[in-house]
Amino acid sequence: MEEQQQDELRIGEILSIIWKHIIWILVVSLIAAIACGIFVQYSVSPSKRNYQLSFTFEYPYQYAVDKDGNTTNNLQYPDGTAFRIESVIYTDRLNAAKETDKEAFESIDTEKMVSKKKISISATSSNVYTITAASSCFKDKEQATEFLKAVCNVSGKAVIENAQRKDCYSKLLNYDTADTTEKKLDILKTRQSDILSTYSRYLGYYRNFTHTFGEGEESKTKTLEACYYEAAAVNIDKMIQIFDWENELEKNKKAIERLEEVKPESSTESDETLDAYHQKIVEYTVRNSNIETELERTYPVFGYTGETGQFINDGLFASKLAELKTAIDTQTDTLNTIITELYKSTTKFNFEQSSVLVTGGANMFVYAALVFIVVFVLASFVFCALDISRKRKGAAAKASEEQELHEVAAPEETQMLEEPHTEELQEVEEATPEEVKPEEPTSAEAQEEKPKKKTSKPKKKKE
């Protein structure tokens, strides 16, 4: 109980001391907190603070098939080149953004920003990207917002420009250098397949995308799907079929002629050998009959009415081949035009917020609050220690004075204790017989006192 009372007294004493000096404790704590907040805000925080700008990137989606035959949805330029989102913060894009407002962005060092890796871009979710840049690269939050938005706008224009430069396909320059009709047909067929394949990558999302071709009365609006079917309608396959069939027909005719020439006479060879020759000739003849039937069905497509098997040798074939080449060139231009317009219409950067978000760094209010608490506790401890120490010193000094006084008073008290005995003896000696009249003892007492008187006399002499 005594210890508990002592602890309660000590706690009460401490609280009393703190309350006594509360104003000084609060002043010291506030000064320390304000100083810490200023230091964190202007020295520590800027080196760790980042600015973030999030945006959605609308870009023509394309269905493509990877090397394993799986269908994927990749961001690609019209020519099939993969689009890298990292290109948004390439040095040339940052420099181009800086050029959009030289006066406002003069203090921004784009070279240092890239070399020190103070800017980055990442995909935060599906089709949402975030640019993160160190706050030390900018003068203030407003400059960071305007610059990062300029970077996105410049990148959007660059994507469209690249789409325009990266045509799906160029002119068929190698067609004119081909030395055979077969090679020319292969070139035309390959280009048509590429055109249809490219359309297929965009049809999934943009089937109904429209564009107006031409001007004035000759203008015509087409959908992406219509352009696809228009390209598929170019009869290169039928032209190739006619070319292959007529060549096969000619080869079979020559084979029959050779068999007729080498066929042995019936008198020199067995019937089995003759039957083999006749069987082969019959096979070629039947095959040629089927080819001629197919040719006669196909010739009307190109308006040929001449002798069967002679279309490729007719001047009309060369004319129709040239028309096919022109049609493929036209379809190539149509593809390039409508895909470029698709990129112009759908490529956009939509910002998720009007201003950059501040992340990282140090919160001056949190640090100021922590310092306030710590300094408050330390100041309270210091004031308590000083006050208690002062009181203890005062108590010790008082105790020392009392001890000194006690030591001075001790001999006097001893002397005062001894003096009564001496005075009593003196009084006894100096007393007259009349004054000292002891009671007369009884006979027994008188006998006991006689020895005492005898023993007391020597002591008196000693003293």
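Of the possible polar contacts, none joining the Thr145 side chain to the Ser355 backbone as a donor-acceptor pair under 3.5 Å is found. In terms of modelled atom types and a separation under 3.5 Å, the side chain of Ser29 and the main chain of Phe376 share a donor-acceptor contact. For the pair Lys98 (side chain) and Phe147 (backbone), a donor-acceptor distance under 3.5 Å is absent. Counting only distance, with no hydrogens or angles, the side chain of Thr347 and the backbone of Lys344 share no donor-acceptor pair below 3.5 Å. In this structure, the side chain of Thr337 engages the main chain of Asp333 through a donor-acceptor pair within 3.5 Å. Of the possible donor and acceptor atoms, none in the side chain of Glu292 sits under 3.5 Å from a partner among the backbone N and O of Thr308.
For Thr130 and Ser122, the side-chain atoms include no donor-acceptor pair closer than 3.5 Å. Defined by atom type and a distance below 3.5 Å, a donor-acceptor pair is missing between the side-chain atoms of Thr132 and Asn50. Under 3.5 Å, the side chains of Gln241 and Asp244 contain no donor-acceptor pair of N or O atoms.
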Given Thr100 and Asn153, is the side chain to side chain contact (heavy atoms under 4.5 Å, CB included) satisfied, shown in steps? CA-CA 10 Å; Thr100 59; Asn153 292 329; over 6 Å; no

Please walk me through it: do Asn208 and Thr223 pass side-chain hydrogen bond (donor to acceptor under 3.5 Å, both in side chains)? CA-CA 5 Å; Asn208 297 320; Thr223 64; 5.6 Å; no

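The stretch residues 298-319 participates, sequence neighbours left out, in these ring pair (Phe, Tyr, Trp, His ring centres under 6.0 Å) pairs: Tyr299-Tyr304, Tyr299-Phe311, Tyr304-Phe311, Phe311-Phe317.
Rounding to the nearest 0.5 angstrom, the gap separating the CG atom in Leu378 from the CD1 atom in Ile373 is 12.0 Å.
Looking at residues two or more places apart in sequence or on another chain, you find no salt bridge (Lys or Arg N to Asp or Glu O under 4.0 Å) involving Glu250. In this view, Lys280 and Glu283 satisfy the salt bridge (Lys or Arg N to Asp or Glu O under 4.0 Å) rule, not counting sequence neighbours.
Checked against the 6.0 Å centroid threshold, His211 and Phe209 do not count as a close aromatic pair.
A salt bridge does not link Glu261 with Arg258: every distance from a Lys NZ or Arg NE/NH1/NH2 to an Asp or Glu carboxylate oxygen is 4.0 Å or more.
Contact between Glu248 and Asn288 at its shortest, heavy atoms only, is O-OD1, 4.3 Å.
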